[in-house]
Peer 1: 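Here it is, the structure in full.
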Amino acid sequence: MTRWVPHPWLSLVVGIAWLLVNDSLDPGHLILAVLFGLAIPRWTQRFWPDAPSIRRPGRIVRLFFVFAYDIVVANFVVAKLVLGPNDRLRPAFLEVRLELDDPFAIAVLASMITLTPGTLSAHFREGDRMLIVHALDADDPEAAIATMKRRYERPLKEIFEC
């Protein structure tokens, strides 16, 4: 099974993404979704030297909804900040010391932070496992760090590391 489908979850995501992008369930698109879902993970297999092991896949769904909610809320907050007076902005670089060990989990966390409007993962210092995050508005940097750790890092730790 792993030889033909080296990354089953990626195969599923690629197939579903193809169908969503084309907004069609026509037989031709279904066939292409299956073909791309099988081919792309096989072609990219050499770029995945250490495939991530998911310990608690059920937490992924919960994390997805938390993340989606945060993106929607952050869009409104950023719009309000950008459209308002600039003197209300309190930008800051936050140093988030990570407890995550898995490199894939760290990359997912950095991506989630960057995808959330108003924050950007700027740098990762591997030596002291520090993720440098730029926040558009951080009136309480410690609270912002605690929120990132609670809402994103802790679930990712459960999903990938237990």
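It should be emphasised that the depicted structure is a prediction, and the values quoted were computed from it without experimental measurement. If you read the sequence from its start, that first residue is 1, and numbering goes on from there.
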Peer 1: Does Ala39 have any side-chain contact (heavy atoms from CB on, under 4.5 Å) partners at least two apart in sequence or in another chain, and if so, which?
Peer 2: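 Partners of Ala39 under the side-chain contact (heavy atoms from CB on, under 4.5 Å) test: Trp43.
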Peer 1: Without placing hydrogens or testing angles, list every side-chain donor-acceptor pair under 3.5 Å for residues 10-17, not counting sequence neighbours.
Peer 2:
unit_1	atom_1	unit_2	atom_2	d
Ser11	OG	His7	O	3.3
Ser11	OG	Gly37	O	2.6

Peer 1: Taking transitive links into account, so neighbours of neighbours count too, which hydrophobic residues share a cluster with Phe76 at under 4.5 Å side-chain distance?
Peer 2: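 Cluster partners of Phe76: Val72.
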Peer 1: Please report the C-alpha distance between Thr119 and Leu136 in whole Å, then the side-chain angles of each, then the deciding distance to 0.1 Å, and finally whether the side-chain contact (heavy atoms from CB on, under 4.5 Å) criterion is met.
Peer 2: CA-CA 6 Å; Thr119 56; Leu136 179 65; over 6 Å; no
Peer 1: Any ion pair linking Glu95 and Arg125 (charged N to carboxylate O, less than 4.0 Å)?
Peer 2: yes
Peer 1: Taking transitive links into account, so neighbours of neighbours count too, which hydrophobic residues share a cluster with Ile132 at under 4.5 Å side-chain distance?
Peer 2: Phe93, Met130
Peer 1: Would you mind telling me which of Glu158, Arg151, Lys157 makes a side-chain contact (heavy atoms from CB on, under 4.5 Å) with Arg154?
Peer 2: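 Exactly one candidate clears the test, Glu158.
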Peer 1: Could you list the residues that satisfy side-chain contact (heavy atoms from CB on, under 4.5 Å) with Leu35, not counting sequence neighbours?
Peer 2: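 side-chain contact (heavy atoms from CB on, under 4.5 Å) check on Leu35 returns Ile31.
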Peer 1: So, using ring-ring contact (aromatic ring centres under 6.0 Å, His included) as the criterion, who are the partners of Phe64 when residues are at least two apart?
Peer 2: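 ring-ring contact (aromatic ring centres under 6.0 Å, His included) check on Phe64 returns nothing, list empty.
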Peer 1: Working to the nearest 0.5 Å, report the span between CG of Leu131 and CD of Glu153.
Peer 2: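 It is 9.0 Å, given to the nearest 0.5 Å.
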Peer 1: Holding to side-chain contact (heavy atoms from CB on, under 4.5 Å), I want the full list of residues that pass it with Pro117, two or more places apart in sequence or in another chain.
Peer 2: Ile71, Ala74, Asn75, Val78
Peer 1: Taking Asp102 for its side chain and Phe160 for its backbone only, find out whether a donor-acceptor pair lies under 3.5 Å.
Peer 2: no
Peer 1: What heavy-atom pair brings Ala135 and Leu94 nearest, and what distance separates the two atoms?
Peer 2: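 Closest approach of Ala135 to Leu94: CB-CD1, 4.0 Å.
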Peer 1: Apply the test side-chain contact (heavy atoms from CB on, under 4.5 Å) to residues Leu120 and Val133: give CA-CA distance (whole Å), side-chain angles for both, the deciding distance (0.1 Å), then the verdict.
Peer 2: CA-CA 5 Å; Leu120 174 73; Val133 175; 6.0 Å; no
Peer 1: Run the side-chain contact (heavy atoms from CB on, under 4.5 Å) test on Ile159 and Leu63 for me, step by step, so that the C-alpha distance in whole Å, both residues' side-chain angles and the decisive distance to 0.1 Å come before the verdict.
Peer 2: CA-CA 9 Å; Ile159 292 167; Leu63 178 60; 3.9 Å; yes
Peer 1: State, with a plain yes or no, whether a side-chain heavy atom of Phe124 is found less than 4.5 Å away from one of Leu98.
Peer 2: yes
Peer 1: On a heavy-atom basis, which atom in Arg97 and which in Lys149 lie closest, and how many Å separate them?
Peer 2: O-NZ, 2.7 Å
Peer 1: Quick one: side chains of residues 107-116, donor-acceptor pairs under 3.5 Å with protein atoms, not counting sequence neighbours, listed by atom name and distance.
Peer 2:
unit_1	atom_1	unit_2	atom_2	d
Ser111	OG	Ala107	O	2.9
Thr114	OG1	Ala110	O	3.0
Thr114	OG1	Ser121	N	3.1
Thr114	OG1	Ser121	OG	3.4
Thr116	OG1	Met112	O	2.8

Peer 1: Hey, could you give me the CZ/CG distance between Phe65 and Asp70, rounded to the nearest 0.5 Å?
Peer 2: 13.5 Å
Peer 1: To the nearest 0.5 Å, how far apart are NE2 in His29 and CG in Leu20?
Peer 2: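 Between atom NE2 of His29 and atom CG of Leu20 there are 12.5 Å.
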Peer 1: Sorted by first residue and then second, give each salt bridge (charged side-chain N to carboxylate O under 4.0 Å, His left out) pair with at least one member in residues 13-39; sequence neighbours left out.
Peer 2: none
Peer 1: Checking Asp140 now: which residues fulfil side-chain contact (heavy atoms from CB on, under 4.5 Å) with it, not counting sequence neighbours?
Peer 2: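 In terms of side-chain contact (heavy atoms from CB on, under 4.5 Å), with neighbours along the sequence ignored, Asp140 is linked to Glu142, Ala143.
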Peer 1: Going by the rule ring-ring contact (aromatic ring centres under 6.0 Å, His included), which residues pair with Tyr69 if we only count those two or more places apart in sequence or in a different chain?
Peer 2: none
Peer 1: A quick test of your reading: do over 12 heavy atoms of other residues, nucleotides or ligands sit less than 6.0 Å from CZ of Arg150?
Peer 2: yes
Peer 1: His134 and Pro91: which non-hydrogen atoms are nearest, and at how many Å?
Peer 2: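 Closest heavy-atom pair between His134 and Pro91: NE2-CB, 3.9 Å.
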Peer 1: Does anything in residues 75-88 pair up under salt bridge (charged side-chain N to carboxylate O under 4.0 Å, His left out), and if so which pairs, sequence neighbours excluded?
Peer 2: none
